[in-house]
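What follows is a short report on a single structure.
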Amino acid sequence: MKGIKDYKGLLGEPKIYINVYSEKRLDKEFLESLRKEVIWRYNLDLDLSDFYRMARKDELLKPIVTKFCGLRPMHAGSLYEYLIIAIVLQNATVKRSVYMMQTLFERYGTLLEFAGQKLYCFWEPKVLAQASEQKLRDLKMGYRAKSLIKVSQSFVEEKNYLTKNSRSCKFCKIDFDEISLRKKSQKEQESFLLSLYGIGSASVGYIMFDVFHQWDFLKYISPWEQKIYSKIFFNRSPNKPVSMKKMLKYFEKWGKWRNLAVHYVWENIWWQRRNKNVPWLEKLIRL
DNA sequence: CGGCAGGTGCGGA
DNA sequence: TCCGCACCTGCC
């Protein structure tokens, strides 16, 4: 794996072994594609040495990258799954988002059980593509009902594009549309996402980073994040937040790593919150 | 009770 | 390109 030479002495040579269980025999080709998919989604191949070289010269970042050496962002799910999560996060408190996600799983997902653990699996896009808007409203999705359906529909149609080369596995959902999107330019990815109904600048920001691994993509900051950023990057009161424009300008100093840098600082704050009470932060979180 | 928060679509400047 | 409003629900 790349990227470990920089801190080999410290961390050794990390290795990850994965056991895959299946009801039917899985061929070599599938296992290899799964291996590659895990490496991508968990960013195991991400070479952080250039980022750390830069961060070590930065007063704010230096202690954080030292503490979190090797930390990398990851999203285990697919693009479609993230889109659903993004819609459920819009205009809602954490509690309400959790309620909506749980309700969707119970109504449209599949309950799986393995080794005594029960977990819900996502539905296929076509399931929600055919769902009734009224039903989703009855399940308290609010006006998100329309977005959930329309996003799902566009994925069903996207699938039709790639008839021949697309393979899908019953047991593991690997979306091959997503794989071709990964190779597209940042601009193309952005415009594709924005073309989806119910997906705007905030959701695009999260997806460009978490799903497409664009570490420099940072062009929108939501109001609640803006308040927290004002405090941690500028030591300004969350009541009088620094303007988004100024913030984005400030983050440019971290160049192609700017969003990753912001995430490291962000992660650090939440880590602190686990260990001690951070009163100003508590007020800004809508649980 | 009424007002407010929050991300997006949409229509209009 | 930017602004202001509507949308749905739950919380204060």
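Being a predicted model, the structure only gives us computed values, none of them experimental. Chain identifiers are assigned alphabetically (A, B, ...) following the order of the sequence lines, protein sequences preceding nucleic acid strands; residue numbering begins at 1 within each chain.
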key: Side-chain N,O (A:K95) to OP1/OP2 (C:dC11) below 4.0 Å   = yes

ask   = Whole Å only: how far is the OH atom of A:Y220 from the P atom of C:dC2?
value = 13 Å

task = Starting at atom CE of A:M101, determine the distance to atom P of C:dT9, rounded to an integer number of angstrom.
result = 18 Å

Interatomic distance where CG belongs to A:L148 and P belongs to C:dC7 [whole Å] = 19 Å

ask   = Distance check: side-chain N/O of A:T93 vs OP1/OP2 of C:dT9, anything under 4.0 Å?
value = no

task = Find the distance A:I87:CD1 to C:dC7:C1' and express it as a whole number of Å.
result = 15 Å

query = Counting just side-chain N and O atoms, does A:Q90 come under 4.0 Å of either OP1 or OP2 of B:dG6?
reply = no

ask   = Where along residues 136-147 of chain A does a heavy atom fall under 4.0 Å from DNA chain C?
value = A:R137, A:K140, A:G142, A:Y143

query = Checking all strands, does A:L89 fall into the base, sugar-phosphate, or nothing category for heavy-atom contacts under 4.0 angstrom?
reply = nothing

key: Proximity to the side chain of A:W224 - top-ranked nucleotide from B:dC10, B:dT8, B:dG7   = B:dG7

request  = Give the rounded distance in Å between these two atoms: CZ of A:R96 and C1' of C:dC7.
outcome  = 11 Å

message = Output the rounded distance in Å from CE (A:M244) to C1' (B:dG6).
response = 15 Å

Side-chain donor-acceptor pairs under 3.5 Å in residues 101-111 of chain A, sequence neighbours left out?
residue : atom : partner : partner atom : Å
A:Q102  : NE2  : A:E106  : OE2          : 2.8
A:T103  : OG1  : A:Y99   : O            : 2.6

ask   = In the hydrophobic clustering that connects Ile, Leu, Val, Met, Phe, Trp and Tyr at side-chain heavy-atom distances below 4.5 Å, which members other than A:Y21 occupy its cluster, ordered by chain and number?
value = A:F114

task = Kindly write out the residues that satisfy ring pair (Phe, Tyr, Trp, His ring centres under 6.0 Å) with A:Y82, not counting sequence neighbours, or none if the list is empty.
result = A:H75

task = Starting from P on B:dA5, measure out to CD on A:Q226 and report it in whole angstrom.
result = 14 Å

task = Kindly state whether the ring of A:Y229 and the ring of A:F234 have centres lying under 6.0 angstrom apart.
result = no

message = Just to be sure I understand the rule, does A:L196 reach a base, reach only the sugar-phosphate, or reach nothing, if contact means heavy atoms closer than 4.0 Å?
response = sugar-phosphate

Any A:S222 side-chain nitrogen or oxygen under 4.0 Å from OP1 or OP2 of B:dG7 = yes

Residues which pass side-chain contact (heavy atoms from CB on, under 4.5 Å) with A:S191, listed by chain and number, not counting sequence neighbours = none

request  = Using a cut-off of 6.0 Å, state whether more than 12 heavy atoms not belonging to A:W271 lie near its atom CH2.
outcome  = no

ask   = Just how far, in rounded Å, is P of C:dC8 from OH of A:Y99?
value = 16 Å

ask   = Any side-chain hydrogen bond (donor to acceptor under 3.5 Å, both in side chains) pairs touching residues 57-67 of chain A, not counting sequence neighbours?
value = A:D58-A:W254, A:K67-A:N268

